[in-house]
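What you are looking at is a predicted structure, and each value in this text was computed from that prediction instead of being measured. Proteins come first, then strands; the chains are lettered A, B, ... in the order of their sequence lines, and each starts at number 1.
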Number of protein chains: 2
Amino acid sequence: MRNADLEEIRDLPLFRDMDGDHFGNLMRGAYHQNFPPQVTLIEEGRPADFLHIVTEGAVELYAGWNGRETTMAVVRPVATFILAACINDAPYLMSARTMMPSRIAMIAGSDLRATFARDAAFAQAIVRELAGCYRSVVRHAKDLKLRASRERLAAYLLRHARGSGAFDLPVEKRTLASYLGMTPENLSRALKSLGPDGVSVDGMRVTITDAAALVAVACPTPLIDGGDGCGDLSYTGSSSNC
Amino acid sequence: MRNADLEEIRDLPLFRDMDGDHFGNLMRGAYHQNFPPQVTLIEEGRPADFLHIVTEGAVELYAGWNGRETTMAVVRPVATFILAACINDAPYLMSARTMMPSRIAMIAGSDLRATFARDAAFAQAIVRELAGCYRSVVRHAKDLKLRASRERLAAYLLRHARGSGAFDLPVEKRTLASYLGMTPENLSRALKSLGPDGVSVDGMRVTITDAAALVAVACPTPLIDGGDGCGDLSYTGSSSNC
DNA sequence: TCAGAAATTTGACTTGGATCAAGCCCCGTT
DNA sequence: AACGGGGCTTGATCCAAGTCAAATTTCTGA
């Protein structure tokens, strides 16, 4: 594994505070590979053999049932995913596929479990990580249960407008639709319907023309939209999606 | 605090393996109180001062937004709740109220954080607990996103039929409806509509008259319905709802 | 640069589920 | 036994969102 990659991984909150030797051991037993787009990395139901870390590209976490499929999250560098399944040595609850050419590091789940039993600092980091992930899914569930799809979309746009009033959607619209729990057709119409509420769309480019009006639709609250960290569709940086 | 209660709490997977002195210290700083029904124990948004443990009765975890409200889980003895908020020293994401006369133990969040930083076995137990809770909410989200309400209801009934074909609903129907993300009216109609699919209802009593037919509707799968532990509406025993 | 494929949008239509409004039933109280 | 209240059911209606189909734009690869 390249030194630059090792440093990036070491910098993650998950690994930052752990013992250096332990980190070294963990990484010695790790793989690091390039994958083309649209490759399935993980299939739900399979035993959780590896903790995955995206170092380049982007990975979609999704779940299926009875012929239907839904996007649960998108993971961007540098971040880990499916930590929880590895810790519990339980089957993955979500599948994962690359969305573009990606570079993925894989750490054996057994090594992970052995290490966190020995390294208190690592165990603490895992605790914080998992607690953050848990809260992130709770927010997602609240979003789904408490808001209508138009409101979810409005809130999503506000979460991503951060300061500047214009930004590019981080994923294809059909993926966004799936993440928000609606059909692409409905997303398209909902976007248009938000025109009078201060949203203008051109391709992937979204401009908030009237933040106050949009806020009135979305009623954003940190208890749903807030981030202590990981989770949302475009999250980039040092956190994980379990 | 009564010795019997202490032992019950000590028996939880969360506290079982930790150092005896640490457990003692934790409990010395803890409260244990009786509450009448319909008392609000926690309001979402408040700082997470205490880890709560139900030793008797039942507690509803719910969340609100913009005048709407939804039930997220019901916690029964002996189990903890809102662990994640305490660990992260972050605001509660859910409110909690007693559903009947209940007895609740409360452990100061600061004690909790101090102890898990010092006690590796405790940290490990927390890791497992949180991983289980995380997976439980992921299942809930998958249930909401992938199944229609009739299918969710069918799956719920199968989860609770465990062996015998008849059981009593563990909560009022309106609470069940809210948990399943539908209105009481819709639940009532959905229950009736499952008649031809092997469900007969009399008040709180549900009888599965044709499990195969119901399975055909629900398509149950461990990746949504499975339990590695906590979460569901009627879960009783040694686990938690973070 | 162009052909073909994929993604998005639009339109017409259907439907699952919400809403509103009675009415019913169970149950504990007086 | 009558009363009252809450929860549950039923019926009528409405609306958000899904489905199906076709047109259009965007992207991609030869």
Requested in this report: Without swapping roles, check the side chain of B:K173 against the backbone of B:M204 for a donor-acceptor pair under 3.5 Å.
Outcome: no
Requested in this report: Would you mind telling me which residue lines up with the more 5' stretch of DNA chain D, A:L187 or B:N186, judged by nearest nucleotide?
Outcome: B:N186
Query raised in the report: Can you give the first and last nucleotides of DNA chain D, 5' to 3', that have an atom under 4.0 Å from a heavy atom of chain B?
Result: D:dG7 to D:dA12
Query raised in the report: Sub-3.5 Å donor-acceptor pair from the side chain of A:T98 to the main-chain atoms of A:P36, do we have one?
Result: yes
Report task. Establish whether the base of C:dG11 is bridged to the side chain of A:R189 by a donor-acceptor pair shorter than 3.5 Å. Result -> yes
Query raised in the report: At their closest point, which heavy atom of B:Y92 faces which heavy atom of B:P47, and how far apart are they?
Result: CE1-O, 3.4 Å
Report task. Return the value, rounded to whole Å, for the distance between atom CG of B:L194 and atom P of C:dG16. Result -> 14 Å
Query raised in the report: Within the structure shown, what part of the strands sits under 4.0 Å from A:E185 by heavy-atom distance: base, sugar-phosphate, or nothing?
Result: base
Query raised in the report: Taking it one step at a time, do B:H32 and B:T55 satisfy side chain to side chain donor-acceptor pair (under 3.5 Å)?
Result: CA-CA 9 Å; B:H32 203 193; B:T55 56; 2.9 Å; yes
Query raised in the report: With a cut-off of under 6.0 Å to the ring centre and 45° to the axis, is B:R97 in cation-pi contact with B:Y62?
Result: yes
Report task. Using a 4.0 Å heavy-atom cut-off across all strands, classify B:A190 as base, sugar-phosphate, or nothing. Result -> nothing
Query - 5' priority, DNA chain D, between A:M204 and A:S149 [closest heavy atom] - result: A:S149
Report task. Only counting residues at least two apart or in another chain, list the ones meeting side-chain contact (heavy atoms from CB on, under 4.5 Å) with B:D197. Result -> B:R150, B:L194, B:V217
**Report entry** Phosphate OP1/OP2 of C:dG17: any B:T183 side-chain N/O under 4.0 Å
**Finding:** no
Report task. Output yes when at least one side-chain N/O atom of A:K192 is less than 4.0 Å from OP1 or OP2 of C:dT8, else no. Result -> no
